2 protein chains.
Amino acid sequence: MAKVTIRDVADRAGVSTATVSRALSGAKRVSAAVEDQVRRAVQELGYSGNGIASALRRSRTDTVGMIVPSIVNPFFTSLVESVEHALQDEGRQLFLCSSRSDPQLEEQRLRSLVARQVDGIVISPVHGTGSTAAISWAAGELPLVQVDRYVTGVDSDWVGVDDDEALRLVVGHLSGRGVRTAAFISSRLTSSSTELRVAGFQSHTARLGIAVAPGALLLGEYSIDWGRTAMQRLLAAGPLPDAVVCADDLIALGVLQACSTAGVAVPEDVLVTGFDDIPFAALSDPPLTTVRQPQAAIATEAVRLLSQAFREPPHEPARLALAPSLVVRASTGG
Amino acid sequence: MAKVTIRDVADRAGVSTATVSRALSGAKRVSAAVEDQVRRAVQELGYSGNGIASALRRSRTDTVGMIVPSIVNPFFTSLVESVEHALQDEGRQLFLCSSRSDPQLEEQRLRSLVARQVDGIVISPVHGTGSTAAISWAAGELPLVQVDRYVTGVDSDWVGVDDDEALRLVVGHLSGRGVRTAAFISSRLTSSSTELRVAGFQSHTARLGIAVAPGALLLGEYSIDWGRTAMQRLLAAGPLPDAVVCADDLIALGVLQACSTAGVAVPEDVLVTGFDDIPFAALSDPPLTTVRQPQAAIATEAVRLLSQAFREPPHEPARLALAPSLVVRASTGG
DNA sequence: AGGTTCTGGGTAATCGATTACCCGCCGATG
DNA sequence: CATCGGCGGGTAATCGATTACCCAGAACCT
């Protein structure tokens, strides 16, 4: 329990702290005999080092921070897992925080990460404009890459999915199924991807002559609950559209549940699509047609951009919109 | 970008670093005039402090680390979210790591957290015995509480669910539905809860005269995939049992999927139960009967025990097995 | 043999904030 | 009027590891 420091190890091994540090980090050659002494002393004392002190001196922590809007959304947890994997290969650790879709909490997390001197940050911003100030500031302090969503006017890398292409795929598919009217359920939060998905929905439905009734654009949040209530509203409002397009899978799952309890058959009475392809999208009743995000690729690219920023600070911000793919399941007719 | 330190602030405000520190932390009274000077200087320079240096000196970080076996398992993410909430109220932050069900990675995470001087650790151990050494060591270094699962022989608090009671509920319910034969699908990893669930399954089926065929105890991992393959094996092996009891919801969802693709009707041909009550358990086809864990209470208690350990180090390890509840849905006949 | 380079290892400065200790000043008290 | 206590604020030690700089001896050249 008594803290054992490098000094204790040095004393026990009969060398200086400098030598202990060198023996352990390999920063400079050390004779085999001394190295052995040190290792023995470390063992005997149970020395484990003080990462804080080390970080202070070296001013790096070999840790990157990641901030996501929600930790219970499977899309983000998949992304987090992929990022962690990618970092692992570089010998870095991940420090994960949730902003719980709250810009204030997000700012606090950012400050905390910067204060803790993480080497870099991967963030999926909460809000398209409300997050700008904090992210701008953080991006000025250390390497930062945005994933999935981005805020405008910040000089930083971004990697995500091509939202317009995604909605082109979805709407095209629905059109091929004979859909003539559609509704869209999304989140109120004006994040970049939310906006792009709404815009994509509107432009592609217009292009293909699919009608979107006024009031058929429902904005709430990315959650099962919202999907359920939004669908209930649609059901109450009057004639159903041919298809309900959802901005993420959680919403879509809520929609399916609402349909099921209301006795509305999917896909017979209405087609439903999601977005993300979370693991549970294949298990719903009926299984969900959805857009698969290339989340592993997003994670890999994000980490690559970060490492690049570590090596060569000044560079042109990259914007990588990776291609999504459509996964057709029973909710649009199989 | 240039790092601005407390010294810069002190110079700009025309005071000493000690005064700046006091003005900002409120550790000692400072005249209003000086405080104002300091605040202004902080603003102008964009000073944000160096958490590392502060942590080194104060030897605390106001951060607790949490390690879970999987970050893509909704049960754990719910737990994490609850813990984060509870910590928030105390002004502490959460540093989340995933051990990916790998004892070696788990040990590495533990070392890293200790080296980073988190104030305490919340951990759900990977393995009943393989995790013991590392956790023992960590528990000797700082306050540590185990959640959900625990390793034996470690002098630390634990809070989780009453697994035996949970299986009493499940098996009792199935018995009431007329079940005479049952199978159990669980994880191979010998964690405490896994073992207790198997043991509970066996004792309660025996007590109620429910037959468990040899080979009807399938051990793999906590995942949808394993649930699916395990069920496929059961289907291939011969006559179906009346019920399939699963050690967690992910397994159960896999089981349902396997049944669906094999054309086996649930609950007509076989009853299926899960464990955890993750949000998706209500959305499957059919909705899943499962055991609800009191995860919010588990989180609250864990944080309470941790804070208690911060204040008064030496205390008798607590073991809190909270009561679960049964959520009956269509997968057992609704 | 004398000079040069290498090598292993020690000394002490350093990272940036906190805080123990000290000091001068002011009002209050006997 | 001398003394005391408190208060605001400064000086410098401290946290623990890393590393710039230095040195002695060995090895290596002409």
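Letters A, B, ... mirror the listed sequences (proteins, then strands); counts begin at 1. For clarity, every value in this text was computed on a predicted model and none was experimentally measured.
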Polar atom pairs between nucleotides 23-26 of chain C and protein, under 3.5 Å, N or O only, would you list them?
none

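- Summary of helix geometry: the two end axes of the helix from C:dA1-D:dT30 to C:dG30-D:dC1, each defined by five base pairs via their C1' atoms, are inclined to each other by 50° (rounded to 10°).
- Screening residues 73-94 of chain A for ring-ring contact (aromatic ring centres under 6.0 Å, His included), with sequence neighbours left out, gives no hits.
- Partners of B:R12 by salt bridge (Lys or Arg N to Asp or Glu O under 4.0 Å), not counting sequence neighbours, listed by chain and number: B:E44.
- Closest contact between the side chain of A:R29 and the listed nucleotides C:dG10, C:dG8, D:dG10 involves C:dG8.
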Detail all sub-3.5 Å separations between protein N/O atoms and N/O atoms belonging to nucleotides 23-27 of chain D.
none

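- Looking at residues two or more places apart in sequence or on another chain, you find a side-chain hydrogen bond (donor to acceptor under 3.5 Å, both in side chains) between A:R40 and A:D36.
- Residues satisfying the side-chain hydrogen bond (donor to acceptor under 3.5 Å, both in side chains) test with B:S131, not counting sequence neighbours, are B:E106.
- The side-chain contact (heavy atoms from CB on, under 4.5 Å) search around A:R60 returns A:R58, A:D62, A:R92, A:D119, not counting sequence neighbours.
- With sequence neighbours left out, A:T77 forms a side-chain contact (heavy atoms from CB on, under 4.5 Å) with A:P74, B:V72, B:T77.
- Distances shown here put every side-chain N or O of A:S31 at or beyond 4.0 Å from the OP1 or OP2 atom of C:dT7.
- Listed by chain and residue number, nothing satisfies the side-chain hydrogen bond (donor to acceptor under 3.5 Å, both in side chains) test with B:R7 (two or more places apart in sequence, or in another chain).
- Counting heavy atoms from C-beta outward, B:S307 and B:E90 have side chains that approach closer than 4.5 Å.
- Residue pairs meeting the ring-ring contact (aromatic ring centres under 6.0 Å, His included) criterion with at least one member in residues 95-151 of chain A, sequence neighbours excluded: A:F95-B:F95, A:Y150-A:W158.
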Strictly under 4.0 angstrom, non-hydrogen atoms only: write out the protein contact profile of nucleotides 13-20 of chain C, one letter per nucleotide from the 5' end, B, S or -. BBBBBBBB
